[in-house]
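Single-structure report; data block below.
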Amino acid sequence: MAVVLGPNRYGKAETRVVRVTRDGEAHHLKDCNVSVSLSGDMEEVHRRGDNAAVLPTDSQKNTVYAFAKKHGIGEIEEFALLLARHFVGSQPAIHHARVEVEEYAWERRGPHSFARSGAEVRTCVVHHDRDGTTTVVSGLRDLVVLNSTGSEFHGFVQDEYTTLPPATDRVLATAVTARWRHVPPDGGEPYDHGKSYEEVRRCLLDAFAGTYSLSLQQTLFAMGERVLLTRPEICEVRLELPNKHHFLVDLSPFGLDNDNEVYFAADRPYGLIEGAVAHDDAPPAGPAWD
Ligand SMILES: O=c1[nH]c(=O)c2[nH]c(=O)[nH]c2[nH]1
């Protein structure tokens with residue numbers, strides 16, 4: 001019986017980089033968290049500790065900082081693509097690079113003063129293979145949304161443990177994590193990732209607000225569908241929607257009624273609704289979601 005090395009990858013996780021661009025008095029800020037993961041000819045290092053093919057994770061971190069200086073950080077997808085292509089293109093032993101970037105938003109308070117915005121975190125994951133295949137998944141997380149009406153939940157299975165009362169008017173709230181896969185550009189114009197991000201975000205928010213919801217599952221599908229029917233550059237959307245339960249508080253001990261006005265916002269446990277919505281002819285995902 002032989003023992004074989006299975007799938008493996010290595011890299012530097014969570015390099016925090018802040019890039020200030022000085023444009024006279026006015027400064028611009030990009031605040032990112034970059035994770036690099038490389039794979040390829042790594043049999044020798046695992047079996048014998050021979051590091052000849054190993055680009056140290058320390059060098060990977062340094063590359064992130066050097067590229068931030070040399071190229072600046074524009075759209076996070078472009079920065080991730082630059083890094084992924086660099087590692088695969090410069091290291092014969094590296095066959096595949098995965099670069100993940102999170103971007104934290106800052107609100108301008110003056111020419112060189114900023115306040116960290118409470119808005120969602122923008123994300124991307126780029127895979128680049130030495131055969132030239134590239135996949136780009138963009139996304140966001142922690143986009144907190146709430147509808148104070150327009151949501152029902154009833155008609156569900158009743159078993160011996162079911163106590164949930166049917167709801168015909170409830171609060172629906174969630175913190176959206178969404179990731180969307182781009183159709184490969186096919187040699188055409190590269191995407192405007194900044195515009196695409198804003199438009200997908202708008203689709204998600206519009207669909208959440210505009211869907212009369214009989215379940216969060218139905219809202220999830222409507223959000224994914226809205227993106228796919230509006231944005232031709234996207235072929236698959238994956239959503240994770242925690243159901244941030246809002247329970248009506250019983251105010252009867254105080255002689256008060258509660259006509260859907262006062263809620264206890266529970267933080268756990270929460271329902272977790274997850275799903276993928278895709279065009280039926282979407283090209284194969286390859287490693288895009290890894
Ligand atoms: O939208 C919902 N989907 C569920 O599957 C579910 N389950 C539950 O207890 N509440 C809800 N709400």
Side-chain angles (χ1 to χ4, degrees), residues 102 118-125 137-181 197-231 234-254 256-280 282 285 288-290:
E102 293 195 334
E120 73 280 1
V121 173
R122 180 172 164 181
T123 64
C124 79
V125 176
V137 170
S138 300
L140 54 78
R141 65 172 169 81
D142 300 334
L143 178 63
V144 181
V145 287
L146 181 150
N147 290 334
S148 54
T149 190
S151 166
E152 306 183 11
F153 187 65
H154 47 77
F156 42 80
V157 170
Q158 302 278 340
D159 72 0
E160 67 268 46
Y161 302 114
T162 303
T163 58
L164 185 73
T168 51
D169 188 4
R170 66 172 184 171
V171 167
L172 187 67
T174 187
V176 179
T177 296
R179 293 173 296 153
W180 49 92
R181 178 160 69 95
Y197 177 83
E198 290 305 330
E199 294 297 315
V200 172
R201 181 181 185 278
R202 194 172 52 78
C203 288
L204 294 169
L205 289 172
D206 287 352
F208 180 81
T211 300
Y212 190 96
S213 177
L214 299 176
S215 66
L216 191 49
Q217 288 88 333
Q218 181 197 16
T219 297
L220 179 150
F221 187 83
M223 292 168 77
E225 186 181 42
R226 181 75 64 98
V227 173
L228 292 170
L229 296 182
T230 313
R231 302 303 306 171
I234 311 296
C235 61
E236 182 176 2
V237 183
R238 294 194 176 185
L239 289 153
E240 293 159 39
L241 303 180
N243 193 352
K244 294 169 80 72
H245 302 298
H246 285 63
F247 298 113
L248 270 183
V249 179
D250 178 9
L251 298 176
S252 60
F254 321 116
L256 298 169
D257 62 5
N258 190 358
D259 188 16
N260 282 359
E261 289 171 302
V262 180
Y263 295 88
F264 162 55
D267 69 341
R268 66 192 72 172
Y270 50 88
L272 183 58
I273 312 300
E274 303 173 273
V277 185
H279 281 303
D280 59 0
W289 300 109
D290 291 350

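Whatever order the structure lists them in is the order used to number ligands and atoms, beginning at 1.
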Is a side-chain donor or acceptor of [X] paired with a backbone partner of [Y] at a separation under 3.5 angstrom?
X: Asn258; Y: Val249; answer: yes
X: His154; Y: Thr168; answer: no
X: Asp250; Y: Ser252; answer: yes

[atom] [closest protein heavy-atom partner, distance rounded to 0.1 Å]:
atom: atom 5 (O) of ligand 1; answer: Gln217 NE2, 2.9 Å
atom: atom 9 (O) of ligand 1; answer: Leu164 CD2, 3.6 Å
atom: atom 4 (C) of ligand 1; answer: Phe153 CZ, 3.4 Å

Return yes or no for this condition: an N or O of Ile273 is under 3.5 Å from an N or O of ligand 1.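 By distance alone, the answer is no.
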Does the side chain of Val277 reach to within under 4.5 Å of the side chain of Val227, using non-hydrogen atoms?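 The answer is no, as the side chains (C-beta and beyond) never meet within the 4.5 Å cut-off.
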Output yes when Arg238 and Glu274 qualify as a salt bridge under the 4.0 Å nitrogen-oxygen rule, no when they do not.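 Salt bridge: no.
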Which option, Gln218, Arg170, His245, owns the non-hydrogen atom nearest atom 12 (N) of ligand 1?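 The nearest heavy atom belongs to Arg170.
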Classify the side-chain pair Thr219/Thr211 by whether it contains a donor and acceptor separated by less than 3.5 Å. no
Contact partition for Asn243 relative to ligand 1, non-hydrogen atoms under 4.0 Å: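 Under 4.0 Å from ligand 1, Asn243 contributes side-chain atoms alone.
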Which of the numbered atoms in ligand 1 are below 4.0 angstrom from a heavy atom of Leu216?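 In order of number, 1 (O), 2 (C).
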Run the numbers for me: atoms of ligand 1, each under 4.0 Å from some heavy atom of Ser215, listed by number.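 Near Ser215, meaning under 4.0 Å from one of its heavy atoms, ligand 1 has 1 (O).
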